[in-house]
Asks: 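Here's a structure for you.
When a ligand or atom number is given, it counts from 1 through the structure's own listing order. Just so it is clear, the model here is predicted, and its values are computed rather than measured.
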Amino acid sequence: MSSQQQVQNLLDFVDASPSPWHAVKSVETQLLGFNFVKLNETLQWDLQPGGRYYVVRDDSSIVMFVQGQKPLVETGFKIIGAHTDSPGLRIKPNAATGMDGLLRLGVEIYGGPILATFTDRDLSLAGRINYKDDNNNIVSSLLKFDRPLLRLPNLAIHMNRSVNEEGLKLQKQNELPLILSAIAEESLSHAYFSKLLLEQSECVAERLLSFDLAVYDTQKGAFWGAENEFYADSQLDNLASCHAALQALLDDTVLENENTLVCAFFDHEEIGSESNKGADGSFLGDVLQRIALATEKNKEDFSRALAKSFMISADMAHAYQPNFPLAYDPDHKVTVNKGPVIKVNANQRYSTESVSLAMFVDWCEQAGVPYQKYSHRCDLACGSTIGPTTSARLGIRSIDVGNPLWAMHSIRESAGVLDHGYMIKVLKKFFTASPQVV
Ligand code: ZN
C-alpha cells in the first residue's frame, strides 16, 4: 500500500472517531474484520493459543491481543501503547444557558488545548449518552452530530486591537461558551438541549440521565503541500499512533507469528492517566495477568513473562518549525518525513533508556526505516506520555517514540505523509522480532 493510501486510511479513521468513545468503536470495527473476539471483564475467559481477543473498559479504553503459540516465559509480551483522547473542550452537565437572545453551551477545558485554534471553526458534538431502556437497564449509546452545530466567534479586531501583538487570550470561564442557537425562550434552554440530544441519538427513552460530550471540528482531514507531502486533521495526537499500531497488528504475517502481541489504547492520557481506564490504572496489568494465568502455571511465570516483555509507547513528537528556531534544541531538531522520533529525557518524562533505544534502532535498521532522536530544550518544561507510567506500573522495559507533528494540541495538527508508513513498518518489525534478552 502506498504511503498516500496509508494516510488516507488514517484520515478516514480519525474523521470517523471524533471522541475517545468513537475511537474505540472504530478500532473495534477493524478488529471484528479480523475475527477478534470481544471479552467481558466480568466473565471467565477461555483463551486459546493463536486466539485473537479484545477488552473494552468503560467505552473509551481498549486492549487487544493475540495469544501467542509460544510460552510467555520465552517470549514475554510485545506491547504497543497509545492514547485515544485529545485535548479540547467538554460540555458541562448544566451546559445550556439562554441570554441576550442566544443559547450558549458552557464548556470545561479538557487537558491542554491551544484554545485560540477553537475560534471560528465549524464545531460540533460527539460522545456518549446514558438513559434507561425498556427493561430498566441503564444503557450507553454513541452520539454524533455530523453537521456544524456550534461556534466560538472571535472578537473583531476593532474591539481587540492588540490581538496580533499579544495573541488571543480567552478568559476561561466567561469567553469560552459556545453559541448553539438563536432560540429566544431563555427559560427552556436545558430542555431544548436535552431534546436536541435525544432526537439526534434516535433513542426512544423519554429523558437523558447523563452524557459525556466532546467538542470536535467537522472539517475532514486533508493532504497539503506542493507534492501533497503533508497532511492535516484534528486529534492526530494521538489517533495517528493508535492507527499505526493497529495497522501493524492487523497484518497477516504479524497475526500469524507465535509471539503474544498486545495493543493498549488508553483514555485520559491528556489529564494525567490516573483513572480506572487510564494508563496509570489497573487495566493493562489486569489483562496481562489474565492472559498469563490462562496458559502459564503460576504467578511466578507471570513475573518471568513481564521481565521478558517490552513496550513501545507511541505518541506524537514535536516537529521542527523553521519559523520558530529558538523553540528547539538546535542539536535535536526532528523533521517531518524523516522517520519516527525516539524521545529521550534524563528525568524520565519519557521512558526511553539506552538499552531500549538501542533495541528500537536495531528494529528500524532491520526494517529499513529512518529514525531521529529528540531531546527537549533544557529551559522549557518537557511534556510526558504513557510510557513512564506504564513501564513503572508493570516493571517492564519501554521506549517512547512517535512521529513528528506540527502544532501539537491545536484543533488542526499537521504531519508528514512518509512518516506514517515508516512507523507502521517498524512496529511490524517489533511484533515479529525474536526476543532479545539483554
Ligand atoms: Zn499525546
Asks: From Asp315, does some N, O or S atom reach closer than 2.8 Å to the Zn ion (ligand 1)?
Replies: yes
Asks: Examine all N, O or S atoms of Glu270, backbone included, and report whether one is under 2.8 Å from the Zn ion (ligand 1).
Replies: no
Asks: Can you name the N/O/S atom of Asp237 that is nearest the Zn ion (ligand 1)?
Replies: OD1
Asks: Run the ring-centre check on His83 versus His268 and record whether the distance is less than 6.0 Å.
Replies: no
Asks: Are Trp406 and Phe230 an aromatic pair by the rule of ring centers under 6.0 Å?
Replies: yes
Asks: Heavy-atom count around Gln171 CD within 6.0 Å, excluding the residue itself: above 12?
Replies: yes
Asks: Are Phe65 and Tyr53 an aromatic pair by the rule of ring centers under 6.0 Å?
Replies: yes
